[in-house]
K.L.:
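Just dropping this structure here.
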Amino acid sequence: MVDQGIYIYDKLYQSDSWQTPRRIVIVRQRVQEHLHAPGKQLSLFPEDEIHKGFRYSAYFTNQQYGAIDVWEEL
């Protein structure tokens with residue numbers, strides 16, 4: 001947890017069509033605490049309590065900064 005209601009995770013991802021992996025930074029923000037949080041609410045499992053009330057955004061980057069720094073610079 002970065003701050004109250006904000007969670008950030010990063011991971012390397014490589015699509016079958018890519019020659020090299022790319023870094024993805026995923027941000028999850030609780031809407032109740034961050035009313036104007038950017039991103040989308042997941043609609044795949046709307047009844048799932050784990051995802052309910054959060055907005056998600058994802059950023060592909062080649063920056064070497066920490067995940068929090070990538071998110072704050074956007």
Side-chain angles (χ1 to χ4, degrees):
M1 181 165 36
V2 174
D3 197 1
Q4 195 67 22
I6 300 175
Y7 305 85
I8 297 181
Y9 175 76
D10 68 334
K11 180 173 181 61
L12 287 179
Y13 172 76
Q14 184 167 357
S15 170
D16 292 336
S17 63
W18 298 347
Q19 291 184 357
T20 59
R22 298 180 184 155
R23 182 172 172 217
I24 183 170
V25 175
I26 302 165
V27 181
R28 177 172 109 146
Q29 297 185 63
R30 189 182 315 273
V31 176
Q32 182 180 17
E33 296 163 9
H34 302 279
L35 297 176
H36 302 290
K40 300 284 183 178
Q41 288 185 306
L42 296 180
S43 59
L44 186 58
F45 304 106
E47 70 284 349
D48 192 345
E49 291 297 321
I50 292 174
H51 305 299
K52 203 175 215 176
F54 286 93
R55 285 203 183 126
Y56 293 83
S57 52
Y59 308 95
F60 282 94
T61 183
N62 60 359
Q63 297 293 323
Q64 297 300 315
Y65 305 124
I68 296 169
D69 295 327
V70 170
W71 171 65
E72 287 178 341
E73 291 297 318
L74 297 172

K.L.:
Could you state whether F54 and I26 fall into the same hydrophobic cluster, counting links through intermediate Ile, Leu, Val, Met, Phe, Trp or Tyr residues with side-chain heavy atoms under 4.5 angstrom apart?
P.N.:
no
K.L.:
Might you point out which heavy atoms bring W71 and I6 nearest each other, and give the distance in Å?
P.N.:
CH2-CD1, 3.8 Å
K.L.:
Are V27 and Y65 in one and the same hydrophobic cluster, where Ile, Leu, Val, Met, Phe, Trp and Tyr link if side-chain heavy atoms are under 4.5 Å apart?
P.N.:
yes
K.L.:
Who pairs with Q64 by side-chain contact (heavy atoms from CB on, under 4.5 Å), at least two apart in sequence or on another chain?
P.N.:
none
K.L.:
Begin from the C-alpha positions of Y7 and Q29 and carry the test side chain to side chain contact (heavy atoms under 4.5 Å, CB included) through to its verdict.
P.N.:
CA-CA 6 Å; Y7 305 85; Q29 297 185 63; over 6 Å; no
K.L.:
Can you list the residues that meet the side chain to side chain donor-acceptor pair (under 3.5 Å) rule with T20, with sequence neighbours excluded?
P.N.:
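For T20, no residue satisfies side chain to side chain donor-acceptor pair (under 3.5 Å) once neighbours in sequence are set aside.
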K.L.:
Working to the nearest 0.5 angstrom, can you tell me the gap between D69 CG and Q63 CD?
P.N.:
10.5 Å
K.L.:
Against the six-membered ring of Y56, is R28 placed for a cation-pi contact (under 6.0 Å from the centre, within 45° of the normal)?
P.N.:
no
K.L.:
I need the full list of salt bridge (charged side-chain N to carboxylate O under 4.0 Å, His left out) pairs touching residues 4-17, with sequence neighbours left out, sorted by first then second residue.
P.N.:
D10-R23
K.L.:
I'd like to know if W18 and I24 are part of one continuous hydrophobic network [Ile/Leu/Val/Met/Phe/Trp/Tyr, side-chain heavy atoms within less than 4.5 Å].
P.N.:
yes
K.L.:
For A67 and V25, work out which heavy atoms get closest and say how close.
P.N.:
O-CG1, 3.9 Å
K.L.:
Kindly compute the distance separating CZ (R55) from CZ (R30), expressed to the nearest 0.5 Å.
P.N.:
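These two atoms lie 13.5 Å from each other.
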K.L.:
For Y13 and S15, test the side chains for any donor-to-acceptor distance below 3.5 angstrom and give the result as yes or no.
P.N.:
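No - no donor-acceptor pair under 3.5 Å links their side chains.
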K.L.:
Report the residues that fulfil ring pair (Phe, Tyr, Trp, His ring centres under 6.0 Å) with Y9, sequence neighbours left out, ordered by chain and then residue number.
P.N.:
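In terms of ring pair (Phe, Tyr, Trp, His ring centres under 6.0 Å), with neighbours along the sequence ignored, Y9 is linked to no residue.
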